[in-house]
Protein chains: 2
Amino acid sequence: MLKRERQAYILKQINLHNRVLSSDLSLEINVSEDTIRRDLIELSESDKLIKVHGGALSRSFHSSFLRSDVYQLDHKKKIAAKAVSLIKDGMFVLTSGGTTLIEMARMLPVELRATFFTGSIPAAYEYAQHPNIEVIFIGDKVSKSSQITVGGAAIQKIHSIKPDLCLLGINAIDMENGITDNDWEVVQVKQAMIQCAAQTAVLTISEKINSFQRLKICAVEEVDILITELDENEGVFDTFKQHGLKVI
Amino acid sequence: MLKRERQAYILKQINLHNRVLSSDLSLEINVSEDTIRRDLIELSESDKLIKVHGGALSRSFHSSFLRSDVYQLDHKKKIAAKAVSLIKDGMFVLTSGGTTLIEMARMLPVELRATFFTGSIPAAYEYAQHPNIEVIFIGDKVSKSSQITVGGAAIQKIHSIKPDLCLLGINAIDMENGITDNDWEVVQVKQAMIQCAAQTAVLTISEKINSFQRLKICAVEEVDILITELDENEGVFDTFKQHGLKVI
DNA sequence: CATGAAATTGCACGTATTTGCGTAATATTT
DNA sequence: AAATATTACGCAAATACGTGCAATTTCATG
C-alpha cells in the first residue's frame, strides 16, 4: 500500500468514526505503529486531523461542507449503513438529499461500482469523491432551503431515467397521510423520483414516524422499503408491515 | 509498445484499480521503471492522475485530500474581488468552477441580486448560501477531475441561455495558442459558455500567462476581459491589450 | 531519399524517502 | 508508585527518485 493511499484511508476512517486508534490502524493496514504515528503527525501538521495520545480525532469538518452538529448523527449513520446494503454493483441509483443521504454517500464502500443520479448539491459532492461511482447531476433551479434542484426541467429529466433503486430521505410518514413534506417544489420532485424508480426505499429517523406535514408526496403503499435506526421487529412498524412495506 | 499506447494503458489501470505501482507497470509493460516514472510525471502534469512516491493514484483521491490548501490563495482573492466588481444587480451570470471562482462566490456582497448559472458543484454550493442570488444548476455527468458537469446535455442547456457575463477560470493563456486546457470534456463546455455569453471575462493567476496546454478553447480575441492579481499596467499585458483585450 | 533535429528510452550514480526496530523517555492508568 | 501503553529518536535496509548521458528511434524537411 502506498503512503498516500494509506493516509487517504486513515482520513476516511476518521471522517467515518470521528476517531481512530493507532493500534487499530496498524492491524487493519498491516504496517508498524511507527508508520501510522508518522502518518498521523504528517496529517495533523497539514490540519487534516487532530493528533492525540493513542490515535487521532476528526476536526469535525469534512471538506468544505461543515458537518456542524448533525441532529442524531449516530442514528443517521445506522440508517445510512442499512441503505448501503441495498446497493449492488452496476445499479442505477436515484437519491434525494438530506443529511442521512450524505452520511450514506460517505459510507459507500470503495469497491462499489454504480451510477448515482441526484439533484442534491452536497450529495453529488460526496458521490464525486468516490473513485468508482459515476455521478449524473439533475440540473435546474437550486432550492435554497433544501439544497436540491427543483422545477420542471429537473422533473422532466427524472422522468427520462429508469433507476433500479430510489433512496429518499423523508420528513414525515404515517399510515393515514402517507409520506408528507412541507415544501411544494420539493414534493413535486420527490413524487417524480418515486414514480420512475423500480423500487423505492425511504430513510428516516424513528422520531418522524407517525408524524405528518402539510403536503402529501405519496401513500405508504407506493414505496417499498422503510429504513430507520430501529430494529425491524419493533412494534411501531406493525401497521406499516401489514400494508406491505418491508422494514429494515 | 508506443508511448501513447503505454500511457493509455496506465490510465486504464488507474481507472480500474484506483492506483498503480511503478514497479508493477514496469513488469507488465516490460519497460524500465524510469520510463514509467516519466510517463506518470507527464500524466500528472496534465492532471490525468496524481503522482505519489512509488506509483500514482486516481484523480478522485486528490479532491478529498489536497483540498484544504488552495494554491496562491491571496492572489486568487484579489482576482475574485476584481471579478465581483463586474457583476451588477439583475445580471445573468454564467460561471465555471475552480478555486478562484469559489473564492469569488464567497465574496459576493449580500445586497447583490443576480441569477447565477453554473455546472460546478462547489461553486453552486457557495452561491446557494447567498440570500439574494438565484442559482440554476446545469446538470449532466460530473467530471471527477474538475468537479463540473460535462457532456451533451450540459452543453445543450448552456446554449439555451443568454447570460450577460461569463466568468471563466482558465489554466493557460498565451497570444499564439489562445486559451488552452488539458481536459477534452471541459474544453467543450467552456467553448459553449464563451459562445453564448454577451461578454466573457477570464480569470487566472499571472503564473499561467504565456503558458499553454494541449487543447485549445478559443483565441484570445474571443474573450473580452482578462483578470489577474497584477496591476493592469504591467508590461506582460501589452500584447494582449493590443489585441483588444481589456485587462483589470 | 537523405539528413539533421527532436523525441524516446535505458543505464549509472548519487540522493532522498520510507519503513521497521531497538532503546530510552514520557504519558496514562491502576 | 508501579505497571502498562504510547511516543520520540536514531539507525539501517530497502526502495524510489532525479539527473546527466549515450544509444536508438522517429519525424520533418529539404
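We name chains A, B, ... by the order of the sequence lines, and we start the count at 1 in each one. Source: prediction; values computed, not measured.
Taking atom CD1 of B:Ile36 as the reference point, atom P of D:dG18 lies 14 Å away to the nearest angstrom. One interatomic measurement links the two molecules: CD of B:Glu33 to C1' of C:dC13, which rounds to 16 Å at whole-angstrom precision. Regarding A:Leu25, its CG atom lies at a distance of 14 Å from the P atom of C:dT19, rounded to whole Å. Summarising the geometry, the separation between CE on A:Met1 and P on C:dT17 is reported as 22 Å, rounded to the nearest angstrom. Rounding to whole angstrom units, CD1 of residue A:Ile41 and C1' of D:dC9 are separated by 11 Å. In this structure, A:Leu40 places its CG atom 15 Å from C1' of D:dA8, rounding to the nearest Å. Atom pair A:Gln7:CD and C:dT19:C1' shows a separation of 13 Å (rounding to whole Å applied). Rounded to a whole Å, the NZ atom of A:Lys3 is 14 Å from the C1' atom of D:dC17.
Minimum atom distance to the side chain of B:Asp34 is reached by C:dA12, of the listed C:dA12, D:dA16, D:dT7. Side-chain proximity of B:Val31 to C:dG10, D:dA16, D:dA8: nearest is C:dG10.
A side-chain donor-acceptor contact under 3.5 Å links A:Ser32 and A:Thr35.
Heavy-atom contacts from other residues, nucleotides or ligands closer than 6.0 Å to NZ of B:Lys78 number 12 or fewer. Remark: B:Lys48 NZ is packed, more than 12 non-hydrogen atoms of other residues, nucleotides or ligands lying under 6.0 Å away.
At a threshold of 4.0 angstrom between heavy atoms, the contacts of B:Arg6 are confined to the sugar-phosphate backbone, with no base atom among them.
Across the interface with DNA chain D, nearest-nucleotide mapping of B:Leu2 and B:His53 shows B:His53 to be the residue nearer the 5′ end.
Put simply, the side chain of B:Arg38 and the base of D:dG18 share no donor and acceptor less than 3.5 Å apart.
One finds no salt bridge joining B:Lys76 and B:Glu103 here, because no Lys/Arg side-chain nitrogen approaches an Asp/Glu carboxylate oxygen to under 4.0 Å.
Neither OP1 nor OP2 of C:dT9 sits under 4.0 Å from any side-chain N or O of B:Arg37.
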Does the ring pair (Phe, Tyr, Trp, His ring centres under 6.0 Å) test come out yes or no for B:Tyr125 and A:Tyr125, once each step is laid out?
CA-CA 9 Å; B:Tyr125 181 82; A:Tyr125 183 84; 7.9 Å; no

